[in-house]
Amino acid sequence: MTTIEKQTVSVTTDCLCENEDGTPQENCYGDCYEWQKEDVFELLGQWYVLNKIEEDDPILIEVDKIGWTNASAYKWTTPMELDGALSLNGDFRIEWYLEEGTYNLTARRWSHDEPMGTGLFTFTAHKDCDKCGEPVVADIHAEELGMCVECSNAYFNHEEDN
Amino acid sequence: MELERHFGHDIVIARYHDLDKQPLEYAVECETCFEVITWQEA
């Protein structure tokens with residue numbers, strides 16, 4: 001059986017502020033949530049560096065089993081908004097996972113409508129095609145010298161010359 | 001009998017750790033559908 005290593009961080013709206021010795025603080029004004037978000041920023045920052053993702057690159061989020069209907073869903077975002085892209089207007093917990101070796105980023109969320117957790121959110125980095133501007137999966141963008149497959153085929157078939 | 005497949009998919013052992021590389025827990029997961037089959041404390 002294969003073994004994989006995953007780095008994980010989590011944020012929850014139900015957190016408790018703790019002192020350095022682990023005892024609960026008397027007053028908590030949401031600082032613990034902000035501290036957890038720092039961990040998320042660090043993990044996402046690693047993912048951006050490992051995958052050479054720039055701040056305006058489109059990111060496609062996909063998930064099956066979300067909400068009380070267990071629906072499938074997708075959403076476009078960018079690194080500027082990714083940390084809050086899975087947040088809800090209510091209580092929730094989100095765990096983020098970064099897999100070593102493949103550098104795949106995934107996440108799972110728990111909330112009132114998702115007591116057993118959602119399906120796994122996956123994140124696919126895209127780049128804009130240099131010709132038509134449409135988002136194209138980053139790996140394909142690199143293989144096709146900065147273009148989407150359609151523009152690359154048109155370019156190398158000299159269709160533009162006709 | 002040891003579980004080796006999950007609805008026809010391969011299963012993997014996932015070892016979770018925090019940002020400081022401290023081990024948190026192990027899970028046996030489906031490699032394809034990512035479903036967690038069992039959890040175990042590290």
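Every chain is numbered from 1, with letters handed out A, B, ... down the list of sequences. The basis for the numbers below is simple: all heavy atoms, side chains too, and nothing from hydrogens, waters or symmetry mates.
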Could you see if [X] belongs to whatever hydrophobic cluster contains [Y]? Use Ile, Leu, Val, Met, Phe, Trp, Tyr and a side-chain cutoff under 4.5 Å.
X: A/M147; Y: A/V149; value: no
X: A/Y97; Y: A/V63; value: no
X: A/Y155; Y: A/I140; value: no
X: A/L120; Y: A/F123; value: no

Self-check item: Exceeds 12 heavy-atom contacts within 6.0 angstrom, atom CG of A/D21
Solution: yes

Quiz item: Does A/F41 CZ have over 12 foreign heavy atoms under 6.0 Å away?
Solution: yes

Exercise. Begin from the C-alpha positions of B/R15 and A/K6 and carry the test side chain to side chain contact (heavy atoms under 4.5 Å, CB included) through to its verdict.
Key: CA-CA 6 Å; B/R15 298 200 301 188; A/K6 293 184 185 182; over 6 Å; no

Self-check item: Proximal component of A/E99, with respect to chain B [non-hydrogen, under 4.5 Å]
Solution: neither

Self-check item: B/L24 vs A/T8 side-chain heavy atoms within contact, under 4.5 Å
Solution: yes

Exercise. May I ask you to test the A/I4-B/E31 pair for a side-chain heavy-atom distance under 4.5 Å?
Key: no

Quiz item: Could B/K21 and A/E100 be called an ion pair, given the rule that one side-chain N must be under 4.0 Å from one carboxylate O?
Solution: yes

Quiz item: Which heavy atom in A/R108 sits nearest to a heavy atom in B/V36, and how many Å separate them?
Solution: NH2-CG2, 4.4 Å

Practice problem: Quick one: closest heavy-atom pair of B/L19 and A/Q46, and the distance? | Solution: CD2-NE2, 4.0 Å

